[in-house]
2 protein chains.
Amino acid sequence: MRRVAIIAFGGNAILPADIKGSQEEQFERARQAAEQISELAKRNYDLVVVHGNGPQVGNLLLQMDIASQLISPFTIEVADAMTEGSMGYMLQIWLENYMRKLSLDKEVTTVLTPVLVDPEDHAFKNPTKPVGPFYTEERARGLAKEKGWKIVEDSGRGWRRVVPSPKPIDVLNKRIIKALVDKGMIVIAGGGGGIPVVINKDGLIMGVEAVIDKDLTASLIARIVKADLLITLTAVDQVYVNYGRPTQRPLRKTTTEELGRYLQEGQFPQGSMGPKIQAAIEFLEDGGKEVLITSTKKIKAALDGRAGTIISGGTP
Amino acid sequence: MRRVAIIAFGGNAILPADIKGSQEEQFERARQAAEQISELAKRNYDLVVVHGNGPQVGNLLLQMDIASQLISPFTIEVADAMTEGSMGYMLQIWLENYMRKLSLDKEVTTVLTPVLVDPEDHAFKNPTKPVGPFYTEERARGLAKEKGWKIVEDSGRGWRRVVPSPKPIDVLNKRIIKALVDKGMIVIAGGGGGIPVVINKDGLIMGVEAVIDKDLTASLIARIVKADLLITLTAVDQVYVNYGRPTQRPLRKTTTEELGRYLQEGQFPQGSMGPKIQAAIEFLEDGGKEVLITSTKKIKAALDGRAGTIISGGTP
């Protein structure tokens, strides 16, 4: 029986803080991710892969800033498009290699993904997401004045730009993504949460400088392709309540109803598990069957029911 | 009646040498290109768009070089993937806007395109294509030693790396591109000639540092999607014989047989018109109906038969 899965993971799965980040190292991480992901293809899932791009777009914005005397830098949504290229390529090549190794007749492709956000989203009035290089206070104030950026002091490490993080509401090329998944192809889409665009007052689609949460985009794409399963990879093997406290307790099987209660209690902070839980609930309330939250290393065990947190719709 | 066209143009259509190259300027050039291209959609053509990336990948390699003390630079084929992202995005957004303006029910997408080349291609023994920044002789010799690059002195402007320019032989995600074209979607593919990959001794697909001629890739994709028409945009309004000489003469209607003769006479130099003519002949000899070579500004006139060079198969 044909089943559709979406798998989402952070950019730090490919470029973690603890590696120098050479091209070889990033390709090796992409290979490892592709090997784990191919486990789903083996189990007959049609697949969409959604990756984050935090460390990668940070590096790119820094490169463009350092070279800005010579070459006009691009804004963040063009940089997003570029990381959909570089990261998509690394994952695509390795997924293609694994499909051949497994003799699975699936082509792999990366699809550049503009994602519509609402220009009236309250995030535009309150930018909170730090992006790009750390600056000295002087340079940051200069850039803020010159470019209209909002800047913040980031926990003693320097000054940084913050951009809005609006909610994704539609995918411009959604029929294309669905058509390819329906043909059994592996689609890498929504990388970095997608390229944020709005429809402006003249009715034109235009990019905006913002960052979309990749878990929310994954949940949106999951609903578009009518996925059965949404898999969210994270640093921990499963979801915990009272995380980091003596009363910490793993959640192995839970429901949207139970999770909704924990979310309201403030169990899942906005910076980390919050958007993943929110994405899970939205997906399940819109017809999705199951959400799996686990770490990259536990995918196989989790698919066998031996690890991870499984969330299903409704009450326990 | 459904017809399929491929349109190919150089990266300098979006980033010409005579502009500073701000993001705004590049988007405006992308808008102009999209406006011209949409003329084909209006005339009921299904479309694949292939763009070059020379100036864009040059800028990116320079940015990565300037920042290389802080961030490991990527090699050229990853940079190619990144320009498929940035340029694809600019074209995709504007094509999407024009499709909406024309009320044409076509989604637009950019598809990251790995293109297979032969590791035994003689180009790998004789790299000739200059890429990336100009260096001082000292820095160039240092990089040549450190990275095994081949370098050349480029007409008094400094030292540059040269890379192989092998012939494209297959497109990894060709079924995906064909499926989308068959659904009437507009596909941006093979940007920069595609991302060059080989199958190595272990049977693995791996990227290689090379540049594929975008006109040859366009011709290959044209054959994959069984296109009727291949349009090649260039700086001149039509093909000439004895170009730049007093006996210069425009070719308005010609055949592969006639062009093949001129090509052998050396009428079309390798650096400019040569690959376009070669791409045209390959396409027409493999079942294509017609090739149109013209400038961006003359697309509409050429489609009406009032400009450009039309090439058809066979003898005149």
Side-chain angles (χ1 to χ4, degrees), chain A residues 20-23 25-27 59-60 62-68 70-75 77-90 92-94 96-97 100-101 107-114 172-177 179-180 183 185 187-188 195 197 203-207, chain B residues 20-23 25-27 59-60 62-68 70-75 77-90 92-94 96-97 100-101 107-114 172-177 179-180 183 185 187-188 195 197 203-207:
Chain A
K20 186 164 164 285
S22 71
Q23 179 168 319
E25 287 171 306
Q26 294 187 53
F27 265 98
N59 273 359
L60 182 54
L62 179 56
Q63 284 170 324
M64 296 195 298
D65 182 60
I66 291 171
S68 61
L70 269 175
I71 297 165
S72 298
F74 287 138
T75 54
E77 90 278 12
V78 182
D80 276 334
M82 294 171 86
T83 64
E84 288 196 350
S86 52
M87 299 183 69
Y89 165 54
M90 293 179 191
Q92 181 171 335
I93 287 296
W94 276 113
E96 185 79 38
N97 276 321
R100 288 173 184 224
K101 192 178 165 191
E107 281 184 4
V108 187
T109 207
T110 305
V111 165
L112 211 66
T113 318
L172 289 197
N173 46 1
K174 63 184 168 190
R175 281 188 290 158
I176 282 171
I177 293 170
L180 293 177
K183 281 187 90 73
M185 304 302 178
V187 183
I188 300 163
I195 305 164
V197 300
L204 288 174
I205 300 159
M206 301 293 282
Chain B
K20 187 164 162 283
S22 70
Q23 178 169 320
E25 287 171 307
Q26 293 186 54
F27 265 98
N59 273 359
L60 182 54
L62 178 56
Q63 283 171 324
M64 295 196 298
D65 183 60
I66 291 171
S68 62
L70 269 175
I71 298 165
S72 298
F74 287 139
T75 55
E77 91 278 13
V78 182
D80 276 334
M82 294 171 86
T83 64
E84 287 195 352
S86 52
M87 299 183 70
Y89 165 54
M90 292 179 191
Q92 180 171 336
I93 286 296
W94 276 113
E96 185 78 38
N97 276 320
R100 287 174 186 224
K101 192 177 166 190
E107 281 184 3
V108 188
T109 208
T110 305
V111 166
L112 211 66
T113 318
L172 288 197
N173 46 1
K174 64 185 166 188
R175 280 188 291 159
I176 282 172
I177 293 170
L180 293 177
K183 281 186 90 74
M185 304 302 178
V187 183
I188 300 163
I195 306 163
V197 299
L204 288 174
I205 299 159
M206 300 294 281

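Side chains are part of it too, since the values below use all heavy atoms of this structure and drop only hydrogens, waters and symmetry mates. Note on naming: letters A, B, ... go to the chains in the order of the sequence lines (proteins, then strands), and numbering restarts at 1 for each one. Note that this is a predicted model, so its numbers are computed, not measured.
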Which bit of [X] comes within less than 4.5 Å of chain B, counting heavy atoms only: side chain, backbone, both or neither?
X	value
A/I188	neither
A/M90	side chain
A/L180	side chain
A/K101	neither
A/V187	neither
A/L70	side chain
A/V111	both
A/Q26	side chain
A/S68	neither

Considering non-hydrogen atoms only, spot the tightest contact between [X] and [Y] and give its length.
X	Y	result
B/S22	A/S72	CA-OG, 3.7 Å
B/N97	A/G203	OD1-O, 4.4 Å
A/T109	B/L112	OG1-O, 3.9 Å

B/T83, part contacting chain A, at a heavy-atom distance under 4.5 Å: neither
B/Q63 versus chain A, the contacting section by heavy-atom distance below 4.5 Å: both
Supply the atom-to-atom distance [X] [atom1] to [Y] [atom2], rounded to the nearest 0.5 angstrom.
X	Y	atom1	atom2	value
A/I66	B/I66	CD1	CD1	9.0 Å
B/L60	A/L60	CG	CG	7.0 Å
B/L62	A/I71	CG	CD1	4.0 Å
B/Q23	A/M64	CD	CE	8.0 Å
A/Q92	B/I195	CD	CD1	6.5 Å

Any donor-acceptor pair under 3.5 Å from A/N173 side chain to B/E107 backbone: no
Criterion side chain to side chain contact (heavy atoms under 4.5 Å, CB included) against B/Y89, the qualifying member of A/E77, A/M82, A/E84: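 For B/Y89, the side chain to side chain contact (heavy atoms under 4.5 Å, CB included) test succeeds with only one of A/E77, A/M82, A/E84, which is A/E77.
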Heavy-atom pairs under 4.5 Å with chain A, option from B/K20, B/E96, B/M206, B/K174 with the top count: B/K174
Which of B/M87, B/K183, B/R175 touches chain A most, by non-hydrogen pairs under 4.5 Å: B/R175
Close side-chain approach of A/I205 and B/R100, heavy atoms under 4.5 Å: yes
Contact winner vs chain B - A/V108, A/I177, A/D80, A/T113, heavy-atom pairs under 4.5 Å: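 The residue among A/V108, A/I177, A/D80, A/T113 with the greatest pair count is A/V108.
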